[in-house]
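Written below as structure tokens is the structure these notes are about.
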Number of protein chains: 2
Amino acid sequence: MTPPEPRPRDRGIPEATVARLPVYLRALQALDDRGILTVSSEHLAETTGVNSAKLRKDLSHLGSYGTRGVGYEVEYLIYQISRELGLTQDWSVAIVGAGNLGRALANYGGFGTRGFRIAALLDADTAVLGDTVAGLSVGHIDALEDVVDRENVSIGVIATPAVAAQEVCDRFVEAGVTSVLNFAPVVLNVPPGVDVRKVDLSIELQILAFHEQRKADGYAGLDPFGKGPV
Amino acid sequence: MTPPEPRPRDRGIPEATVARLPVYLRALQALDDRGILTVSSEHLAETTGVNSAKLRKDLSHLGSYGTRGVGYEVEYLIYQISRELGLTQDWSVAIVGAGNLGRALANYGGFGTRGFRIAALLDADTAVLGDTVAGLSVGHIDALEDVVDRENVSIGVIATPAVAAQEVCDRFVEAGVTSVLNFAPVVLNVPPGVDVRKVDLSIELQILAFHEQRKADGYAGLDPFGKGPV
DNA sequence: ACGCCCTTGTGAACACGCGCACAAAGTGGG
DNA sequence: CCCACTTTGTGCGCGTGTTCACAAGGGCGT
Ligand SMILES: NC(=O)c1ccc[n+]([C@@H]2O[C@H](COP(=O)([O-])OP(=O)(O)OC[C@H]3O[C@@H](n4cnc5c(N)ncnc54)[C@H](O)[C@@H]3O)[C@@H](O)[C@H]2O)c1
Ligand SMILES: NC(=O)c1ccc[n+]([C@@H]2O[C@H](COP(=O)([O-])OP(=O)(O)OC[C@H]3O[C@@H](n4cnc5c(N)ncnc54)[C@H](O)[C@@H]3O)[C@@H](O)[C@H]2O)c1
């Protein structure tokens, strides 16, 4: 419309902010549980480990929900963040791969309490079919399309070995799933419009190893008071 | 210090680059397994899902290991990246919390093959002490300091419930561990010089839910034909 | 030996995110 | 009613990271 207008993706919340909102939400819920009614950006920032100005800027993307001189009303902010994140509705999740990780995930209680319902746990190995994990019976992978359709699954979790991950992903996408959480150590290929997030433990360890090595090498790095290599 | 000198932290590799090196490494190892001797930045970039210029810039931080007109020698690059990441030595890892997740991690074979040795699996619950997981006997949490010392543990993994995480972390730090991988949904407090990385599945799901909601809202955003998030 | 073509390595422009610092706005006390 | 104090919301400069585009460099065919 207006040529000199820097507006193309303004209705969008910065990705970095989106990644922090769940952290704020969790801290706010802890405050709420303790019966605390309001909180300042300074205090909330401290408990979530971020800069208070950054926190305020993050929240300002949702609207002006604070009161100057006072702070933010805990319950109201919980509601606003939840709404923004889409947590006022329930989401169905399907997990593929009922191995070590898939079972741990299915057994994990922390999902249901946040509005994520595990609709199915699927596997290709007939030896595990019918096993009961967390009250859920392991289904066959060929039921994937049916499950996605019937249970209205919108998030697919991949906990299979690496070689099977792309194929499972393709089936998810084909079935209409547009959000995938991948634990297999492979780069998934997906069409535009599909979001993939990956959790890769080996990479995390390798990053830690890199920094660990840095500390070990006698690097007189920045931060002279750095509590050095203890 | 010196105004015209851009040298203060030059020997350092950008954090974003460090996070990608393990991805390149994995792709290179796959090429190596297939007997492929050299690879171009274009090709490697495609299989790892990054921009080829970014890949070249990443690799240039390690040195000039490519040959113009040809590409990179796979084996040599594997060696250089491994060295930079500190993977030419072995690292001892201690896991605390022998629940669903801790056991899945201990059972996972993908760590040992990359130079990470699980030195111990510890828990506070006497009911699980002595259980054998992946050839490892679950030890008591009070042995943490001993284990760290004796096995030369440099990376601590926290797979306990949230309430116990900070305390376990403190004990790790006190014992001399300077790298922590945390699975519990809490913000850990550590002194300078200690690296913490977190893996938080609930946050990953919430981020996916946010984007999912975005897609569902009939947002006739920019770019009617997808290409949106990816 | 020479020149063509391929690929690297990087300069420069751009986009994004961070944190300081402060004016605006609201509260509570006198 | 006014003033002093607290805390929000944000303008701005800075640093980091990404991408384009291209000159420099090296192999290979002739
Ligand atoms: N266990 C961990 O702690 C851990 C850590 C890091 C990464 N990972 C990754 O997570 C994934 C799963 O790990 P895991 O330890 O649970 O492995 P696992 O071998 O215990 O389980 C994998 C499961 O996937 C099933 N499967 C195989 N092919 C399938 C297919 N085509 N369709 C459906 N199911 C299929 C198998 O039958 C098996 O039950 C792997 O990619 C692994 O690299 C696991
Ligand atoms: N299981 C999952 O898939 C999953 C997913 C996301 C997050 N998490 C998080 O990972 C952590 C572990 O999850 P889990 O499912 O394995 O839980 P879990 O309850 O199965 O296991 C926790 C283990 O920690 C032990 N423990 C408790 N206090 C301890 C202490 N002070 N010192 C040592 N050990 C102690 C318990 O005895 C238990 O064996 C939790 O914080 C959870 O929120 C787990």
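Note that these values count all heavy atoms, side chains included, but never hydrogens, waters or copies made by symmetry. Computed from a predicted model, the values in this text were never measured in an experiment.
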What is the separation between atom [atom1] on [X] and atom [atom2] on [N], rounded to the nearest whole Å?
{"X": "B/Y72", "N": "C/dC6", "atom1": "OH", "atom2": "P", "answer": "18 Å"}
{"X": "A/Q80", "N": "D/dG9", "atom1": "CD", "atom2": "P", "answer": "12 Å"}
{"X": "B/I13", "N": "D/dT16", "atom1": "CD1", "atom2": "C1'", "answer": "15 Å"}
{"X": "B/L55", "N": "C/dT10", "atom1": "CG", "atom2": "P", "answer": "14 Å"}
{"X": "B/H61", "N": "D/dT16", "atom1": "NE2", "atom2": "P", "answer": "11 Å"}
{"X": "B/L59", "N": "C/dT8", "atom1": "CG", "atom2": "P", "answer": "9 Å"}

query: CG of A/D195 to CG of A/L181: how many Å apart, nearest 0.5 Å?
result: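 Nearest 0.5 Å value for the CG-CG distance: 11.5 Å.
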With sequence neighbours left out, what residues match [X] under side-chain hydrogen bond (donor to acceptor under 3.5 Å, both in side chains)?
{"X": "A/Y108", "value": "none"}
{"X": "B/T160", "value": "none"}
{"X": "A/H43", "value": "none"}
{"X": "A/E167", "value": "none"}

field: Where protein sits on nucleotides 20-30 of chain C, one letter per nucleotide: B base, S sugar-phosphate only, - none, heavy atoms under 4.0 Å
entry: BB--BBSS---
task: Return the residues of residues 25-50 of chain B meeting this criterion: a heavy atom under 4.0 Å from some atom of DNA chain C. Order them by number, or give none.
output: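 Within residues 25-50 of chain B, the residues near DNA chain C are B/S40, B/S41.
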task: Report yes if at least one side-chain N or O of A/Y65 is closer than 4.0 Å to OP1 or OP2 of D/dT7; otherwise report no.
output: no
Please list all pairs meeting salt bridge (Lys or Arg N to Asp or Glu O under 4.0 Å) that have one or both residues in [range], counting only residues at least two apart or in different chains.
{"range": "residues 44-62 of chain A", "result": "A/R20-A/D58"}
{"range": "residues 59-78 of chain B", "result": "none"}
{"range": "residues 201-211 of chain B", "result": "A/R197-B/E204"}

- request: Indicate, with a heavy-atom threshold strictly under 4.0 Å, whether B/S64 touches base, sugar-phosphate, or nothing.
  value: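 Sugar-phosphate only.
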field: Side chains of B/I207 and B/F210 in contact at under 4.5 Å (non-hydrogen atoms)
entry: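 No, every pair of side-chain atoms sits at 4.5 Å or beyond.
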